[in-house]
J.: 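First the structure, which I've put down as structure tokens, then a few questions once you've had a look.
Lettering follows sequence order; numbering is per chain, from 1. Fair warning: this is a prediction, and the values are worked out from it, not measured in the lab.
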Amino acid sequence: MTHNLSNREVASVLQRLGDLLEIRGEAVFKIAAYRRAAESIATLAEPVRSIRDRGELQKIPGVGKAIAEKVSSLLDTGSFKLLDEVQAEIPPGVAELLTVPEIGAKRARVLYDRLGIDSLEALKAAVAEGRLHGTGGLGPRAVERIAEGLASLRPTSQGLPIGTAYALGTELLRLIEQIAPALKGVQVAGEVRRYREMVNEITLVAAVDDPAELVHQFCAQPIVSRVEDRNDVAGRVILENGANVSLHVVHPEAFPVALVLYTGSEEHVRRLQSLGTAGQLSISRDGLVRDGQKVQCRSEEEVYARLGLQYIPPPMREDTGEIELALRGELPLAIDASMLKGDLHTHTEWSDGKATVLEMGLAARAMGYRYMCLTDHSRSLGVANGLGPERLELQRAEIQSANAELAPFRILQGIELEVLGDGTLDLPDETLAELDLVIASVHSGLRKSREVVTSRALAAIRHPLVDILAHPTGRLVGGRPGGDFNMEVLVQEAARTGTVLEIDSEPARLDLRDTHVRLALDAGCSLSIDSDAHSTGGLSTVHFGAGVATRAMATPDRILNTLPLVEMLAALKRNRQ
DNA sequence: GCCGTTTTCGGCCCGACTGTTTTCAGTCG
């Protein structure tokens, strides 16, 4: 067992400890402290180990003396006293129960104490045998929701959500760069590169002169828990954390073709191969071959060109019509995060964000943006310390002084406005009119009927001062399914009223999803690609949203925030005439 | 457990929704 823990792994230990302490019934603020520290460590740019080696753990926000000591022990020995103690009292599997709807800490405890349920498997069995009824105040309705929740629970075979897989892919990339000094190229390919929202396998392609040596070294890494399959040019392994990983190693001249092959999808590649056959070209991991002669390709673009195709961006490679469009030269360009001129959905410490107005502005400017709209939560979202008219006015003053420092970069003032239970909005029109932009969100009551949730979203869309509808369905990738909105009706009404629909790039949301984006485009809607960042680091997630937009074949002219500031503001519903 | 232009104690994360034990506890955002 190695203790070479990554930041993500340290964070997940602290997160799980928080869950177990909650089940144990500890004070809420202690639990919150562990979770805060976990989140803080998860977003660190630097390995927590090097911070520890410098003796600076306590400089991490949310990490004090006690947690610093525990993290240090975790890095050295793989555990610490409190963790051992709590795990001896409550099996870690009990914490998994918290992922099931209707089951929080109290019920998890009761289910464990009274029925001995210590894992999701045990819960499934108890539901099947009808043993849940009456325990911990669970009635027929709740038991039904638990059964539904268990059925829709992401089986491990469905893989990792893109956010996790992408981070893991990047870590593996760095690892390969370290162990292969003579590396000629390496890239994450497969489902991650295609921005699939769930990833079954993290696929990497590397180019070196001695493939067998790299495969051998990779399979011997401590993070590898099991080698499933391996030969001189490829290895398929399972990591300690359970992730499936494939590494394909080719000679440098075959790298571009290998990238195409291992980026997939299988269906897409099969179509390319049959196109190749028609032109006497064979496509394999050795490269392109015509009449026994290798056809040199220096880039993926060249591979597609040799096949008589426009370059097809990875997110589109699903054989859902992209090849026909590329043959006719009608494929739209990929939406790239670099096309965005600003971010329209961000949070600061005025509500539940981590950074100040100025810190967010500096970070956004450093990314090359020309503007950013702050959209802190509105007052009804008490948990997030939402803003009412008075605090908005105070915030405006802070924004003005930040703008004086950041010009010509511009911070706009907006709000993420709660749509209340009856479809009314959380703030009066006169307050909304003073803001640069309003994003409306349906956060509560997502479990209500199709009619109810749809009519609430429609009320927001129809309001003249609502410019954008945020994360329109409220779904979470690989988790909560989101409200049962009638999307056909929503996109029609958004198009009619000029309300922009958001692609929330937060990898846990990706909302709108690709199919909904297509629906919105066909209806004539405009879209925005936003980060929904709650920290400066969170701003960089927009590439995930760009991936979704690309797969849906959106064009830049349909994305509001590809416009420069003045044009973007003029395009808002409130500023149109 | 963390944190401090309210400092070494006493705050910090509040309120809507839901089903049900029928008067509120537990979940969830």
Side-chain angles (χ1 to χ4, degrees), chain A residues 14-15 17-41 57-71 80-83 86 97-111 114 132-146 148-149 347 349 351-354 356 377-388 391 416-424 426 441-449 452-453 456 470-471 473-476 479-483 504 506 508-509 511 532 534:
Chain A
L14 293 177
Q15 194 73 44
L17 178 62
D19 290 345
L20 291 170
L21 290 175
E22 189 179 6
I23 293 166
R24 200 195 210 191
E26 296 276 351
V28 286
F29 293 113
K30 187 192 275 195
I31 297 156
Y34 281 105
R35 290 182 176 154
R36 201 163 47 234
E39 202 174 319
S40 200
I41 289 173
L57 281 179
Q58 290 192 53
K59 287 193 177 168
I60 300 168
V63 176
K65 189 162 177 283
I67 294 183
E69 281 169 7
K70 293 180 174 76
V71 167
F80 49 87
K81 191 157 157 279
L82 178 65
L83 183 66
V86 178
L97 303 181
L98 300 183
T99 60
V100 179
E102 300 293 315
I103 299 182
K106 297 281 166 56
R107 283 176 185 157
R109 176 94 228 199
V110 171
L111 292 175
R114 302 243 287 266
L132 239 48
H133 235 275
T135 313
L138 294 172
R141 189 78 190 89
V143 173
E144 191 185 317
R145 292 224 353 113
I146 289 174
E148 280 169 16
H347 297 269
E349 60 176 15
S351 64
D352 58 351
K354 301 275 185 293
T356 64
H377 292 285
S378 66
R379 60 187 170 194
S380 282
L381 204 64
V383 60
N385 192 24
L387 281 72
R391 290 184 63 223
E416 182 174 2
L417 183 68
E418 289 299 293
V419 179
L420 304 177
D422 57 359
T424 58
D426 193 22
S441 283
V442 179
H443 278 125
S444 60
L446 286 174
R447 277 154 54 178
K448 288 194 192 294
S449 73
V452 171
V453 290
R456 290 169 67 198
H471 44 71
T473 76
R475 68 101 172 225
L476 294 179
R480 187 177 74 196
D504 191 312
E506 164 58 48
R509 289 190 180 273
D511 183 12
D532 198 356
H534 285 69

J.: Taking only the C1' atom of each, what is the distance from dC3(B) to dT8(B) in whole angstrom?
T.: 10 Å
J.: Students often get this wrong, so: under 4.0 angstrom with heavy atoms, is Ile103(A) touching a base, only sugar-phosphate, or nothing?
T.: sugar-phosphate
J.: Tell me: CD1 of Ile23(A) to P of dT27(B), nearest whole Å?
T.: 10 Å
J.: Please name all residues satisfying side chain to side chain contact (heavy atoms under 4.5 Å, CB included) with Ala384(A), sequence neighbours left out, ordered by chain then number.
T.: Asp352(A), His377(A), Leu381(A)
J.: Give Ala384(A) one of three labels, base, sugar-phosphate or nothing, depending on what nucleic acid heavy atoms sit under 4.0 Å from its own.
T.: nothing
J.: Rounding to an integer number of angstrom, what distance separates dC12(B) and dT6(B) when you compare their C1' atoms?
T.: 14 Å
J.: Locate the shortest heavy-atom distance separating Ala108(A) from Ile103(A); write the atom from each residue and the value.
T.: N-CG2, 3.8 Å
J.: Mind calculating the distance between CG (Asp352(A)) and C1' (dG15(B)) to the nearest angstrom?
T.: 15 Å
J.: Excluding sequence neighbours, so at least two apart, what forms salt bridge (Lys or Arg N to Asp or Glu O under 4.0 Å) with Lys448(A)?
T.: none
J.: Over all strands shown, is Val63(A) touching base, sugar-phosphate only, or nothing at heavy-atom distances under 4.0 angstrom?
T.: sugar-phosphate
J.: Go through the steps for Glu416(A) and His347(A) under the test side-chain contact (heavy atoms from CB on, under 4.5 Å), then give the verdict.
T.: CA-CA 9 Å; Glu416(A) 182 174 2; His347(A) 297 269; 2.9 Å; yes
J.: Please give, in whole Å, the distance from dC3(B) P to Ile60(A) CD1?
T.: 11 Å
J.: Starting at the 5' end of DNA chain B, which residue's closest nucleotide do you reach first, Gly421(A) or Ala108(A)?
T.: Gly421(A)
J.: In whole angstrom, give me the gap between the P atoms of dT23(B) and dC13(B).
T.: 33 Å
J.: How long is the line joining NE2 of His377(A) and C1' of dG15(B), in whole Å?
T.: 15 Å
J.: Identify each atom pair where a protein N or O and an N or O of nucleotides 8-13 of chain B are less than 3.5 Å apart, giving names and distance.
T.:
none

J.: Just how far, in rounded Å, is P of dG1(B) from CD of Glu22(A)?
T.: 16 Å
J.: Ignoring hydrogens and angles, write down the donor-acceptor pairs under 3.5 Å from the side chains of residues 63-70 of chain A, residues two or more places apart or on other chains.
T.:
residue, atom, partner, partner atom, Å
Lys70(A), NZ, Tyr34(A), OH, 3.4

J.: Going through the distances and angles, do Glu39(A) and Arg36(A) end up as a salt bridge (charged side-chain N to carboxylate O under 4.0 Å, His left out)?
T.: CA-CA 5 Å; Glu39(A) 202 174 319; Arg36(A) 201 163 47 234; over 6 Å; no
J.: Of all the nucleotides listed (dC2(B), dG19(B), dC28(B)), which has the minimum atom distance to the side chain of Arg141(A)?
T.: dG19(B)
J.: Expressed as a whole number of Å, how far does the P atom of dG26(B) sit from that of dT20(B)?
T.: 14 Å
J.: Between Leu111(A) (CG) and dG26(B) (P), how many Å, whole number?
T.: 12 Å
J.: Which part of the nucleic acid, if any, lies within reach of Gly445(A) when heavy atoms closer than 4.0 Å are counted: base, sugar-phosphate only, or nothing?
T.: nothing
J.: Which residue, Ala142(A) or Lys106(A), contacts DNA chain B at a nucleotide closer to its 5' end, judged by nearest heavy atom?
T.: Ala142(A)
J.: Does dC28(B) pair with anything, Watson-Crick or G-U wobble, both distances under 3.5 Å, and if so, with which nucleotide?
T.: dG15(B)
J.: Nearest whole Å is fine: how far is dC14(B) P from Glu418(A) CD?
T.: 16 Å
J.: Should Lys448(A) be listed as having a side-chain N or O under 4.0 Å from OP1 or OP2 of dT18(B)?
T.: yes
J.: List the residues meeting ring pair (Phe, Tyr, Trp, His ring centres under 6.0 Å) with His471(A), not counting sequence neighbours, and say none if there are none.
T.: His443(A)
J.: Partners of Lys30(A) by salt bridge (Lys or Arg N to Asp or Glu O under 4.0 Å), sequence neighbours excluded?
T.: Glu26(A)
J.: Nearest whole Å is fine: how far is dC2(B) C1' from Ile41(A) CD1?
T.: 13 Å
